[in-house]
Structure formats: structure tokens, C-alpha cells
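A quick write-up on the structure given underneath.
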Amino acid sequence: MSAPRGALLNTPGKAGTSRTKSQSANDQYKQDEVKGELEVDLKAAKECGFDELVRHFFYLILEDSQEKKDLDDWQKKIEAMQSQRYYPPEKPKEKKNEDSQQDGAGQAPEDDEEPEEIGRLGEGTEDNRYRSEDERKLIKQRDNLLNQLLDKAMAEVLPFANDATVKQFLVDFEAKLKSSNEPERYVPYVELCNRALRLLFNAGQNLPVRKADALDIRFQVNHPHVIGSHYSGAQKVNRKPDVIVSSRVALTGSCFTEQWPAVGWTSVLSCHEFKIKSVKNPHGIMDGLQDHVYQAGQLADLTPHAMLPVLDTVGDTEDAASSKRSRSAAGLDDQQGQPSKRKRASQGRSAGSKGKPRTKSGAQAKVEGKPESKDEVEARVQCASYALEMLSYSVGVHHAINILFTDGTFWVWYYDRQGVLQSKGVSIFKDLPRFILLLFIFQRFTLKDWGIVPDLNPGAVAAHKGPPATSASNVEGKKAESDIKKDARAPPVFFAINILKNLQEFPNFRQENAPVVKLSDVELNMNEYLSYKPHCLAGRATAVVASTGTMKSTKQRLSMVCKLYHPEYRRRNEGLTMKVIYRIVEDDMSLAQQDTARKNLGIESMAKYLPQFYFCGDVMGTSTHRIRSMVNCRWKGHRVMRIIGMKELKKITTVTGWKFTKAWFDGLLCHAFLWKNHIEHGDPSLSNLMYDEETECGVLTDFDLSLLQWEPRVFGTDRTGTIPFMALDLLTPRYWDGKFKRYYHHELEAFIWILCYVFLLYQNSERQTHRKVDLWRTSSYEACHKEKSSFLTDFAVTDDIEDFDIKADFKDCWPVADYLLLALIDQRSVAARRRRHPQGTPQTRVIPEELQDSADLWQKVSDALQERLKDRREANFGPLLACFQYFKPDFELSDDEVKTLRNKFKGILGAVPARDSIPVVLEESTEGNP
């Protein structure tokens with residue numbers, strides 16, 4: 001198995017969003033940062049109505065019927081209209097301020113505009129003013145039909161809400177709300193849910209919905225079991241969901257015994273978390289529960305999103321010890337080696353025990369239950385931490401659904417790569433029929449509805465597979481013998497995409513004069529990651545896995561890799577960017593046959609410095625658009641899971657010394673070639689420089705964030721980069737807040753930092769430690785700026801270079817880095833003098849200061865490389881040096897050039913618009929080829 005690529009912290013996100021949410025190959029990644037990221041994501045959560053969210057869930061379980069066909073047709077049209085409204089043809093507009101240029105966002109409301117209220121919709125809902133008349137009519141038709149179906153379903157489940165046994169479990173649950181020992185709530189809640197599921201198993205015969213799914217879900221007390229984090233940088237982090245939802249097959253024991261099974265994240269379908277607000281006056285309870293008869297009607301008192309911060313803090317003084325969660329108990333502390341007092345006290349207790357035994361003295365409880373950490377972790381952060389693990393243990397998880405209880409009020413939380421949706425709070429006591437309806441829907445959920453992409457998640461499929469559910473006799477009580485048999489079959493390692501059946505109009509890629517590589521199927525090895533597993537809630541969550549393709553004609557096997565990630569739907573498909581680049585390479589090859597200067601450079605084609613793509617496409621059913629459209633949530637953009645198949649490459653650090661230096665120069669040259677042809681890479685980093693063993697060349701990869709300079713753009717929204725390698729000018733609040741534009745010299749500076757990073761950190765192709773460079777490896781751009789600035793200062797005044805601890809593999813190569821660092825220091829000094837003592841006015845200067853900075857650094861780097869590499873015999877640097885001079889980038893485009901380039905590439909970019917998906921269907925089609 002190949003070692004993970006060194007994907008570091010991270011790509012800057014939108015201003016005000018989490019800043020460390022890319023995969024983080026930092027062994028010192030602290031759990032404080034995890035908590036901070038989750039808090040940022042939760043602050044950006046969108047609220048939707050409870051019924052609106054349930055309506056969407058109900059839509060998912062509809063079977064083939066006229067109602068389903070009508071809803072599908074209407075929703076498809078609605079989404080098309082919304083896409084046109086939010087993604088209009090791009091037309092540059094006037095600058096909003098001196099640092100930001102706006103290209104137009106259509107007619108969508110700005111984030112700071114208050115939408116008008118529409119019916120029962122909550123905060124962050126769509127504004128009807130911006131909808132067309134046709135869109136409003138379709139939405140009304142859709143919602144009316146769903147409301148009718150939901151009313152029928154409510155009538156169907158209402159008798160079960162008034163069932164005597166269900167009511168008794170509810171009364172027991174209410175009684176436990178008066179206890180300061182939170183775990184006492186779990187068992188009656190689980191008994192209530194499992195009893196209801198048993199009654200609901202054959203319900204819904206008169207509804208156009210699926211039967212109870214073969215998963216045969218049930219609820220189970222999980223505490224005090226811990227479920228470890230899968231993330232390699234946080235092995236000591238443990239999560240402890242209070243209650244989980246899983247399948248009958250995945251659970252091999254009963255929640256009513258003192259010994260019940262621990263499960264892994266592959267077995268968890270949903271997590272339910274509990275929070276004590278008050279034992280004197282629990283939130284969400286009602287009087288006369290025992291004799292209350294539920295009737296169909298409107299929702300009772302809803303608790304809005306804004307109340308959560310209030311409810312998510314400890315209320316009564318005597319409740320503090322039992323309800324407050326220490327960081328270690330929440331699994332948000334990296335000091336898990338020593339068990340906490342709470343953990344030691346809970347060992348050996350039954351399902352109804354979590355922490356200390358109940359005592360009569362509140363003061364005594366406070367002493368015995370005092371957590372080791374004073375930091376309180378809010379329940380909504382805990383709930384999000386479980387979703388973080390559910391979304392991160394496999395690339396084959398599209399979304400997660402969790403429930404948070406504060407006393408008797410519960411919120412439904414929905415997490416996907418676009419962000420977080422949260423329903424309004426509903427009282428389980430006042431609105432039990434709606435809770436029962438939610439259970440009815442969950443019981444009919446398939447793995448896909450729970451967020452599992454079956455073909456991309458063989459581990460989850462293996463955990464939940466089993467015979468179809470034919471009865472519900474074992475939902476409660478002790479499990480039958482057939483239920484506790486473990487499946488001896490090992491989880492499948494591979495899954496295959498059949499190109500002929502499952503890909504629709506995927507691009508054919510070719511390089512130079514080589515034929516197109518046509519594959520009939522591709523087998524992905526989900527147990528062999530060539531990158532670090534993503535560990536984030538929202539964002540791209542990029543993963544690279546080993547794969548094997550089968551040639552369509554010869555059936556020959558082809559070793560390759562597949563990249564899976566979740567880009568913004570509006571962002572240009574990386575495959576289309578590569579088609580543009582390949583066209584540019586072909587034009588350059590033609591020029592080499594005609595132009596003497598180009599022909600004599602010694603490098604016939606730049607293709608060998610670029611990745612070779614085989615196919616790309618979007619996974620059907622993974623768009624984050626639908627749920628937001630269905631719940632009428634205001635949104636700006638959405639994400640989709642994308643797959644790219646490409647030639648297998650090795651980490652560039654697999655080579656050392658002058659071979660590495662030459663491979664690094666290959667990537668630098670490719671970068672200059674692209675900028676000369678007006679393509680900005682966007683993120684030069686160590687993980688984006690690879691090595692091709694076949695050609696013995698360095699390869700510049702990952703063009704997902706690349707920009708075509710002739711296209712309209714919003715400056716300030718393309719904040720990209722990987723922190724340890726980013727230019728010092730970009731490690732500033734102005735850049736992070738979108739008020740500072742990135743230029744060529746910023747990306748060129750990144751290559752200098754990459755070279756120093758490897759020379760000082762790597763020995764025998766393995767990363768070592770370095771007292772200075774290790775400090776660059778942080779998620780804080782402020783900290784990285786401070787450490788790299790200090791490094792440059794020390795370098796400028798140090799005579800003894802041995803103080804820098806250059807690794808043995810690169811000591812002979814160090815003079816290259818030495819000259820480049822001096823060039824960087826010189827350029828920064830010149831730029832500072834130019835800004836402090838400007839000559840002339842902006843109107844009289846030949847070129848803007850920023851473009852002059854790019855020209856200056858390019859010249860200084862070119863001189864440094866010429867000086868240190870022209871006479872080296874360890875590698876043939878002559879052609880590289882000549883090409884670097886020839887491909888000096890153009891730093892500015894004229895209006896005529898913009899028009900020319902748009903016309904030139906409209907055949908590629910116009911055939912499949914930038915924001916159009918290229919669907920990949922991972923499930924077998926019953927209707928032949930798409």
C-alpha cells in the first residue's frame with residue numbers, strides 16, 4: 001500500500017468559514033482546532049421548518065407512483081429555474097470596493113438582506129420576491145401535494161402515538177427528565193422508539209411509500225462505549241454517542257443487558273445526543289401527559305434556532321455536575337490516555353448508568369462528578385463531532401442525520417458537504433405524533449437515504465447486509481439466535497464502475513499524439529488511500545484511492561488512481577480545465593515544428609509535466625441542492641461528488657537529491673508555461689507536485705482550483721493555497737478576508753518554500769523533524785506568517801548554514817535553495833522600498849506595482865537558477881533553464897486577448913458549460929445505457 005500523500009493544512013475558505021477543513025496531514029493537529037471548526041460550521045447552520053424537513057424525508061421513501069412522478073418532474077423544473085437564477089451568465093459589474101471586483105450573482109438576495117416570511121418557513125428561507133411566477137407555481141404544487149401526503153401519513157400513525165405501551169414508555173421518559181443523572185433517560189427513550197418501530201413495521205399500507213426496509217433499524221444505548229476517530233492524526237480521540245440507530249444485522253446484542261456490543265462508525269446510521277437544561281423545569285414537557293389523547297393538527301410550540309445557545313448551557317445549579325460535558329468525555333481532547341474521573345466511575349455499570357450513581361446531595365454530586373477539564377462542550381458541538389466522524393470514515397458517505405435532545409425538545413440536524421441544516425425544536429411530549437411519523441419514515445430509509453453511497457462504501461454495506469426483514473418480532477427484548485450471528489464474510493475491498501453502462505458523455509482525454517485511453521470499467525480499492533482520509537464536515541473532502549482500469553478493446557489491466565472530492569457545482573469541472581490545457585500543449589507542439597526558437601529548446605512537449613486524465617464525472621444523487629430546494633432554504637451554491645480517473649503517479653519525495661531538485665524544477669516550469677498561457681494553478685504545494693517513474697519527470701497536479709484568466713471572476717473569492725507553502729503576503733487577514741488579490745509572484749514564492757521545506761525536513765523519502773520548519777505546519781495563517789518571517793530573518797543574518805540542519809540527502813542541493821531565499825528576501829526588500837517611496841503616480845507608472853513585483857521575482861528566480869544549475873552534471877538542467885526563459889509568464893491580458901481566448905476555447909468550454917455536471921451513475925441501470 002502506498003504511503004499517503006503529504007496533503008497539508010489547507011485551502012483557505014470563504015471568509016467567516018472554517019479555516020482548517022481540508023484533509024490535514026499534520027500529526028500535531030490539535031482537537032481544539034476540531035472544536036473550533038465545528039463551532040464555525042454550526043454558526044453558519046441554516047434553520048428550516050420541522051415539517052419542511054420531514055416533508056423532504058417523506059419524499060425520499062415514496063415508491064413509484066403518479067405522485068412520485070409528478071413530484072420528480074416539478075422538482076427537476078424548480079431546480080433548473082433556481083440554477084438559472086443563482087447561476088446566471090457571468091457579466092462583470094462595477095467594483096464594489098477598491099479591493100473586490102464583482103461579476104454578478106444574479107438575482108439572489110445578498111446574505112445581509114432579510115427575506116420576507118413565507119408561511120411557516122424559518123430563518124434563512126428562500127425569498128419569494130426573487131422567484132419567477134412559474135417557479136412559485138411549481139413550488140406551490142409540490143408543497144401542496146407533499147402536505148396532502150403528509151396529512152395522510154399523520155392519520156396513519158396517529159393511533160400508534162396513543163398506544164398504551166408507547167404512552168407508558170413516554171411517561172417513563174418524562175419521569176427521568178426530573179433526574180440529574182442524564183444516562184437514566186436513555187433506556188426509556190430507546191424502549192419508546194423500538195416499541196414504536198415494532199408497531200409501525202406493517203403500517204402505511206394505504207400510502208404510496210416503500211415497506212419497512214430490510215435494514216430493520218432499531219435504537220440502542222451506546223454509552224459508555226466509545227467509538228474511536230478514524231483520523232490518523234487523532235487516534236486518541238474517542239466519541240461517545242448517547243444513543244445510536246443501526247440495523248438489525250449490525251447490532252449483535254441487546255441494549256437491555258449489562259453487556260452490549262460496541263460498534264464502529266460503519267454500523268452507525270444516526271446518533272442521538274441528550275442534554276440536561278433543567279431538572280426543576282425541564283424544557284418541552286407538558287402537564288397531564290398520562291391521560292392526554294393526541295390528535296392531528298398543527299405543530300405545537302416550536303423552539304427556534306436562536307434558543308439553542310441558551311438551552312445548550314447548564315441551567316439549575318444542582319444540574320451542573322451531571323450535565324456539563326468535559327472535553328475528554330466529549331472526545332474533543334487529545335489527552336485520552338488517562339481516564340477521567342467520570343470514566344472510572346462509570347466502568348462496570350449498566351446501560352442506565354453514565355458517571356456516578358445518583359445521590360441525594362447536589363453538592364456531593366458536584367464534587368464526585370467534577371470533570372477534569374473546565375471547558376464545557378455544547379451538545380450541538382458534540383452532535384456535530386459525531387457527524388464529522390460519520391462523514392469522514394469513508395468517501396462513500398454523502399450526508400448524516402442526527403438528533404439532539406434538550407430535555408424534552410428535540411432538533412433534527414442534517415450535515416453534508418455544503419454545510420449544516422437544522423430543524424426547529426419540537427417537543428416529543430406535545431408533538432409525539434410527529435416524532436412517531438419521523439420514526440415511520442426512518443424505518444423505510446435505505447442506506448442511500450441515510451447518506452451511504454453503497455458502491456463507494458463497501459464497509460457500511462458489509463456491516464448492514466443480511467436477509468430481508470420479514471417480521472419485527474425481535475425489535476424489542478432479547479434477540480433471537482439468528483440475530484446475533486456474525487457475518488463471517490470480510491468486507492469487500494473493491495467496487496467497480498462500469499464505464500459503458502454507468503458513465504454518460506464522459507470526456508475523452510489524450511496527450512500529445514497518443515490515442516485516447518478507453519476503459520470499460522474501473523475497479524477502486526477503497527482500502528488503499530493514496531491521500532489522507534478527509535476529516536471535515538463541509539468542503540471538498542478530497543481523497544485519492546488506488547484503482548485498476550480495464551481497457552475496452554484489449555481487456556488489458558491499467559494501474560491508475562481515482563480522485564474523489566466535492567467541489568462547488570459552479571466551479572468548472574477539472575476535466576474541462578485539463579482539456580483546455582491539453583489543447584494548449586498541442587498548440588505548443590505545433591509551434592515547436594514551425595518556430596526555430598521554440599524547436600531548439602530541447603523539450604518537444606510539456607505534456608510529460610502534466611497529469612494524464614482518463615475520465616471524469618459527477619456521481620448521481622450526491623448534489624446538495626435538492627434538500628435545500630425541498631425545504632425552501634436560502635442558498636448560494638451547492639456541491640456534488642466528482643470522480644476523476646488518471647495515471648498513477650508517485651509522491652515527489654520518493655526521489656531525493658538532484659533527482660528531486662530536477663523534478664521540482666519540472667513542476668516550476670510547467671507552472672510558468674501555464675501562466676504564460678493565462679492559466680493560474682491556484683495552489684502550488686508539496687502534495688500537488690508528483691513524480692512519474694516512467695518519464696522520470698516531475699508533474700504538476702490538481703487543477704480543481706485553477707482559474708482561466710479570460711473568464712469573468714470575483715476577485716476575493718479565490719482564496720486558495722496550502723498554509724505552509726503560501727506566500728507571506730497571503731498569510732494575512734486581508735487575503736483571508738477576500739480583500740487582496742493573488743498574483744504570479746505569490747505562487748512562484750510557494751515553489752521556493754516547497755524546496756526549503758523538503759531540503760530541511762526529508763531524509764530517505766520520509767519526513768523528519770525540524771525545529772523551525774515544523775512550526776510552519778499549522779492551521780493558523782497568523783502563526784505560519786510569524787514563523788516563516790522569523791525564518792527569513794534568521795536566514796538573512798546567519799553565517800553558519802549548519803544552524804539550519806539541512807538533511808543529508810539535500811546538502812549538495814542546498815545552494816539552490818540558498819540563492820532562491822536570497823532572491824525572495826531581495827525582492828521583498830525592493831517591493832517594500834517601492835511602496836514606501838513610490839516614484840510617480842499610478843497613472844504614470846508603466847505597469848502596476850503588483851505586476852512589477854511578479855516580474856521582479858521571476859527575474860531574480862531565473863537568475864538564481866541559472867547561476868546554480870547551468871553547470872550541474874547530476875541532471876540535464878539546460879533544457880529546463882532555456883524553457884523557463886522562453887516561457888516567461890505574461891502578467892496581464894488585454895481586452896483583445898480575452899476575446900481571442902474566449903473564442904478559441906468556446907468549442908471545449910461551450911460544449912459542456914462550466915457549471916454543468918457530467919453524471920456518473922454508480923448503480924446498475926435497468927434501462928440500458930443512460
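Since this is a predicted model, take the numbers as computed values, not measurements. Heavy-atom basis, side chains included; hydrogens, waters and symmetry copies ignored.
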Take Asn632 and Cys48, measure what side chain to side chain contact (heavy atoms under 4.5 Å, CB included) needs, and give me the verdict at the end.
CA-CA 8 Å; Asn632 292 299; Cys48 62; over 6 Å; no
Run Gln75 and Tyr59 through side chain to side chain donor-acceptor pair (under 3.5 Å) and show every step you take.
CA-CA 11 Å; Gln75 186 59 31; Tyr59 165 78; over 6 Å; no
Nearest-0.5 Å distance, [atom1] of residue [X] to [atom2] of residue [Y]:
| X | Y | atom1 | atom2 | value |
| --- | --- | --- | --- | --- |
| Lys647 | Tyr614 | NZ | OH | 6.5 Å |
| Leu53 | Phe58 | CG | CZ | 14.0 Å |
| Leu689 | Leu649 | CG | CG | 11.0 Å |
| Gln418 | Arg639 | CD | CZ | 6.0 Å |
| Ile452 | His399 | CD1 | NE2 | 8.5 Å |
| Ile581 | Ser706 | CD1 | OG | 6.0 Å |

Heavy-atom closest pair, residues [X] and [Y]:
| X | Y | answer |
| --- | --- | --- |
| Cys271 | Met390 | SG-SD, 4.0 Å |
| His681 | Thr701 | NE2-O, 2.8 Å |
| Val263 | Ala250 | CG1-O, 4.4 Å |
| Ser392 | His535 | OG-CA, 3.5 Å |
| Ile403 | Cys383 | O-SG, 3.9 Å |
| Thr446 | Leu215 | C-CD1, 3.9 Å |

Hey, are [X] and [Y] close enough for a salt bridge, meaning a charged N less than 4.0 Å from a carboxylate O?
| X | Y | value |
| --- | --- | --- |
| Asp72 | Lys76 | no |
| Lys563 | Glu574 | yes |
| Glu680 | Arg742 | yes |
| Arg557 | Glu523 | yes |
| Glu63 | Arg210 | no |

Under 6.0 Å from the six-membered ring centre of Phe613 and within 45° of its axis: does the NZ or CZ of Lys579 meet both?
no
[X] side-chain N/O to [Y] backbone N/O, donor-acceptor pair under 3.5 Å:
| X | Y | value |
| --- | --- | --- |
| Thr622 | Met641 | yes |
| Asp70 | Asp73 | no |
| Ser246 | Ser267 | yes |
| Asn688 | Asp683 | yes |
| Ser685 | Thr722 | no |
| Arg642 | His566 | no |
| Arg417 | Ala538 | no |
| Ser270 | Val245 | no |

Answer yes or no: is there a side-chain heavy-atom contact under 4.5 Å between [X] and [Y]?
| X | Y | value |
| --- | --- | --- |
| Val631 | Arg55 | no |
| Asn573 | Asp704 | no |
| Asp449 | Asp213 | no |
| Ile643 | Tyr565 | no |
| Leu705 | Arg540 | yes |
| Leu404 | Gln422 | no |
| Lys46 | Arg628 | no |
| Met560 | Thr548 | no |

Do Asn402 and Tyr414 pass the side chain to side chain contact (heavy atoms under 4.5 Å, CB included) test, and can you show the C-alpha distance, the side-chain angles, and the key distance before you say yes or no?
CA-CA 7 Å; Asn402 290 340; Tyr414 181 96; over 6 Å; no
Give the intermediate values and the outcome of side chain to side chain donor-acceptor pair (under 3.5 Å) for residues Asn457 and Tyr393.
CA-CA 9 Å; Asn457 198 341; Tyr393 75 84; 3.0 Å; yes
Member of [options] meeting the side-chain contact (heavy atoms from CB on, under 4.5 Å) criterion with [X]:
| X | options | answer |
| --- | --- | --- |
| Trp413 | Ile401, Leu42, Leu421 | Leu42 |
| Leu62 | Lys68, Arg444, Lys69 | Lys68 |
| Asp692 | Val699, Leu610, Ile652 | Val699 |

How are the rings of Phe57 and Phe442 set relative to one another: parallel (under 30°), tilted (30 to 60°) or perpendicular (over 60°)?
tilted
What is the ring orientation for His625 with His638, classed by angle as parallel under 30°, tilted 30 to 60°, or perpendicular over 60°?
tilted
Would Leu558 and Thr550 count as a side chain to side chain contact (heavy atoms under 4.5 Å, CB included) here? Give the steps.
CA-CA 6 Å; Leu558 176 68; Thr550 302; over 6 Å; no
List the steps, then state whether side chain to side chain contact (heavy atoms under 4.5 Å, CB included) holds for Val561 with Val545.
CA-CA 6 Å; Val561 299; Val545 297; over 6 Å; no
Residue pair Ser423, Glu47: steps toward the side chain to side chain donor-acceptor pair (under 3.5 Å) verdict:
CA-CA 6 Å; Ser423 76; Glu47 183 185 30; over 6 Å; no
